[in-house]
Participant: 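Supplied in structure tokens, the structure appears directly below.
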Amino acid sequence: MKKIIIGNWKMNPTSLSQVVKLAREIDKNIPTKRKLELVIAPPFPFLIPVREVLTKSKLGAQNSFWKEKGAYTGEVSPAMLKSVGVKYVILGHSERREHLYESDEIINKKIKTVLASGLKAIFCVGERDRAKEDFQLFVKNELSSGLKNIPVKFFRRIIIAYEPIWSIGTGKTVGPQDLYEMSIYIRRVLLDIFGKEAAHSIPVLYGGSVDSRNSRSFLEVDGINGLLVGGASTNAQEFIKIIKSAIIKN
Ligand code: PGA
């Protein structure tokens with residue numbers, strides 16, 4: 001399976017000129033020969049300018065609404081995103097669950113609309129605290145609620161990003177054995193939901209404090225098919241090193 005590297009820029013950078021500079025810097029340094037799927041997810045206002053710069057990666061969005069059109073002030077639909085060239089949408093991110101009060105039900109509706117629009121959904125799951133909760137059950141519940149009543153035929157457009165909340169932006173990361181076990185566990189849950197083929201084919205990524213020094217260690221874990229990178233993806237040099245580490249692995 002091709003490795004997938006996703007840059008989630010979150011609410012950064014804050015100006016168009018900085019965004020274009022970052023996108024150009026990344027684009028020009030991406031090796032041309034690579035067996036890798038690269039996705040960059042800038043903030044909404046910068047999707048088109050970033051699209052204009054990117055020649056070697058796909059465009060991702062950081063959110064979308066669960067309706068295709070209508071009277072929903074401030075919202076953006078998957079159809080709109082698709083029409084400007086977006087191929088992937090990040091959904092279920094813990095920052096949206098926490099700050100925007102997105103529930104499992106809302107996330108499920110969003111995933112359904114994204115998949116029905118023909119876009120790929122990067123569905124984020126991950127526990128809050130390993131010591132204080134049954135973290136496997138927590139992840140299982142997120143997966144089952146988020147993927148509830150999703151037709152099996154859509155499974156090829158689903159990507160799971162395992163992002164433990166305690167590791168996002170903290171510098172703390174999951175050890176290789178724990179990550180391996182979680183990837184197996186996630187695939188077991190996917191097996192129950194969608195069956196064997198999907199459980200084998202759905203990519204499982206890791207996200208949480210990934211940087212150029214640790215990226216390879218995650219990519220070397222069996223069952224991990226790529227990375228969802230936050231902070232380090234807004235630093236061109238760092239992100240390029242991360243991308244190169246994935247190419248070496250291939
Ligand atoms: P981080 O964020 O790499 O800055 O920890 C990852 C994410 O939230 O997707």
Participant: Only counting residues at least two apart or in another chain, list the ones meeting side-chain contact (heavy atoms from CB on, under 4.5 Å) with E68.
Facilitator: S77, P78, A79, T113, S117
Participant: Just verifying a value: how many Å separate K69 NZ and M80 CE, rounded to the nearest 0.5 Å?
Facilitator: 10.0 Å
Participant: Do V204 and F138 belong to the same hydrophobic cluster, where Ile, Leu, Val, Met, Phe, Trp and Tyr are linked whenever their side-chain heavy atoms lie under 4.5 Å apart, directly or via other members?
Facilitator: no
Participant: OH of Y180: more than 12 outside heavy atoms within 6.0 angstrom?
Facilitator: no
Participant: Kindly indicate, with the supporting measurements, whether the criterion side-chain contact (heavy atoms from CB on, under 4.5 Å) is fulfilled by C124 and L228.
Facilitator: CA-CA 9 Å; C124 306; L228 178 49; 3.9 Å; yes
Participant: Do N149 and K112 meet the criterion of a side-chain donor-acceptor pair at a distance under 3.5 Å?
Facilitator: no
Participant: Kindly indicate whether the side chain of S215, heavy atoms from C-beta on, has any atom under 4.5 Å from the side chain of F239.
Facilitator: no
Participant: Would you name the heavy atoms of S209 and I168 that are closest together and state the gap between them?
Facilitator: OG-C, 4.4 Å
Participant: Can you measure from CG (L38) to OG (S57) and round to the nearest 0.5 angstrom?
Facilitator: 5.5 Å
Participant: Considering non-hydrogen atoms only, spot the tightest contact between I224 and S183 and give its length.
Facilitator: CD1-CB, 3.9 Å
Participant: Are V89 and I122 close enough that some pair of their side-chain heavy atoms sits under 4.5 Å apart?
Facilitator: no
Participant: For F46, enumerate each residue passing the ring pair (Phe, Tyr, Trp, His ring centres under 6.0 Å) test, keeping only those at least two apart in sequence or located in another chain.
Facilitator: none
Participant: List the steps, then state whether side-chain contact (heavy atoms from CB on, under 4.5 Å) holds for V229 with I6.
Facilitator: CA-CA 6 Å; V229 188; I6 301 166; over 6 Å; no
Participant: When you check the side-chain N and O atoms of E163 and H93, is any donor under 3.5 Å from an acceptor?
Facilitator: yes
Participant: Are side-chain heavy atoms of F123 and L143 found at a separation under 4.5 Å?
Facilitator: yes
Participant: Does E102 pair with R97 as a salt bridge, N-O distance under 4.0 Å?
Facilitator: no
Participant: Please report the closest heavy-atom contact between S233 and W9, naming both atoms and the distance.
Facilitator: O-NE1, 3.0 Å
Participant: Please step through salt bridge (charged side-chain N to carboxylate O under 4.0 Å, His left out) for the pair K3 and E37, ending with a clear verdict.
Facilitator: CA-CA 6 Å; K3 295 282 181 204; E37 181 83 341; over 6 Å; no
Participant: Taking 4.0 angstrom as the limit, do E238 and R213 come out as a salt bridge?
Facilitator: no
Participant: Does the side-chain contact (heavy atoms from CB on, under 4.5 Å) test come out yes or no for F44 and L81, once each step is laid out?
Facilitator: CA-CA 9 Å; F44 280 151; L81 295 173; 3.6 Å; yes
Participant: How many angstroms lie between CH2 in W66 and NZ in K110, if you round to the nearest 0.5 Å?
Facilitator: 7.0 Å
Participant: List in chain and number order the residues that pass salt bridge (charged side-chain N to carboxylate O under 4.0 Å, His left out) with E127, two or more places apart in sequence or in another chain; answer none if no residue qualifies.
Facilitator: R130
Participant: If you group Ile, Leu, Val, Met, Phe, Trp and Tyr by side-chain heavy-atom gaps below 4.5 Å, do I184 and I159 land in one group?
Facilitator: no
Participant: Please report the interatomic distance CZ(R216) to CD(E220), rounded to the nearest 0.5 Å.
Facilitator: 5.0 Å
Participant: Should I4 and I202 be regarded as members of a common hydrophobic cluster, given that ILVMFWY residues are connected when their side-chain heavy atoms come within less than 4.5 Å of each other, either directly or indirectly?
Facilitator: no
Participant: Could you note down all residue pairs passing side-chain hydrogen bond (donor to acceptor under 3.5 Å, both in side chains) where residues 185-197 supplies at least one of them, sequence neighbours left out?
Facilitator: R156-E197, R187-N225
Participant: Considering all heavy atoms of both residues, which atom of A232 and which atom of I242 are nearest to each other, and what is their separation?
Facilitator: CB-CD1, 3.8 Å
Participant: Ignoring hydrogens, what is the shortest heavy-atom contact between K58 and L54? Give both atom names and the distance.
Facilitator: O-CD1, 4.0 Å
Participant: Name the atoms and distances for all side-chain donor-acceptor pairs under 3.5 Å in residues 170-179, with sequence neighbours left out.
Facilitator:
{"unit_1": "T170", "atom_1": "OG1", "unit_2": "W166", "atom_2": "O", "d": "2.8"}
{"unit_1": "T170", "atom_1": "OG1", "unit_2": "S167", "atom_2": "O", "d": "3.2"}
{"unit_1": "T170", "atom_1": "OG1", "unit_2": "K172", "atom_2": "N", "d": "3.1"}
{"unit_1": "Q177", "atom_1": "NE2", "unit_2": "E181", "atom_2": "OE2", "d": "2.9"}

Participant: Do V50 and L59 have side chains that get closer than 4.5 Å, going by heavy atoms?
Facilitator: yes
Participant: Using side-chain contact (heavy atoms from CB on, under 4.5 Å), reason through F218 and L205 one step at a time and then give a plain yes or no.
Facilitator: CA-CA 9 Å; F218 306 121; L205 316 186; over 6 Å; no
Participant: With K148 as reference, evaluate I193, N108, I111 under the side chain to side chain contact (heavy atoms under 4.5 Å, CB included) test and give the passing residue.
Facilitator: N108
Participant: Closest approach of V114 and S64, non-hydrogen atoms and distance?
Facilitator: CG2-OG, 3.2 Å
Participant: Can you check whether L227 reaches L219 side chain to side chain, under 4.5 Å on heavy atoms?
Facilitator: yes
Participant: Got a donor-acceptor contact below 3.5 angstrom from the Q62 side chain to the K10 backbone?
Facilitator: yes
Participant: Is there side-chain contact between P31 and K244, with at least one heavy-atom pair below 4.5 Å?
Facilitator: yes
Participant: Given 3.5 Å as the limit, does a donor-acceptor pair link the side chain of Y206 with the main chain of G208, or not?
Facilitator: yes
Participant: I want to check something: taking the side chain as every heavy atom from C-beta on, are I160 and P203 in contact at a cut-off of under 4.5 Å?
Facilitator: no
Participant: Do L91 and Y88 sit in one hydrophobic cluster, given that two such residues count as connected whenever their side-chain heavy atoms are within less than 4.5 Å of each other, even indirectly?
Facilitator: no
Participant: At what distance, to the nearest 0.5 angstrom, does CD of Q237 lie from CD1 of I26?
Facilitator: 9.5 Å
Participant: Apply ring pair (Phe, Tyr, Trp, His ring centres under 6.0 Å) to Y72 and list each qualifying residue two or more places apart in sequence or on a separate chain.
Facilitator: F65
Participant: Within a reach of under 6.0 Å around NZ of K140, are more than 12 heavy atoms found that belong to other residues, nucleotides or ligands?
Facilitator: no
Participant: Between N214 (side chain only) and D211 (backbone N and O only), is there a donor and an acceptor less than 3.5 Å apart?
Facilitator: yes
Participant: Donor-acceptor pair, distance only, cut-off 3.5 Å: does the side chain of N63 make one with the backbone of I90?
Facilitator: no
Participant: Taking V84's backbone N and O only, do any of them form a donor-acceptor pair with R51's side chain (distance below 3.5 Å, no angle check)?
Facilitator: yes
Participant: Donor-acceptor pair, E25 side chain versus K21 backbone, under 3.5 Å?
Facilitator: no
Participant: Counting C-beta onward and ignoring hydrogens, is there a side-chain heavy-atom pair between L137 and V139 closer than 4.5 Å?
Facilitator: no
Participant: What distance do N12 atom CG and L22 atom CG have between them, rounded to the nearest 0.5 Å?
Facilitator: 9.5 Å
Participant: Same hydrophobic cluster for I48 and V53, using side-chain heavy-atom links shorter than 4.5 Å among ILVMFWY?
Facilitator: yes
Participant: Are more than 12 heavy atoms, taken from residues, nucleotides or ligands other than K87, located less than 6.0 Å from that residue's NZ atom?
Facilitator: no
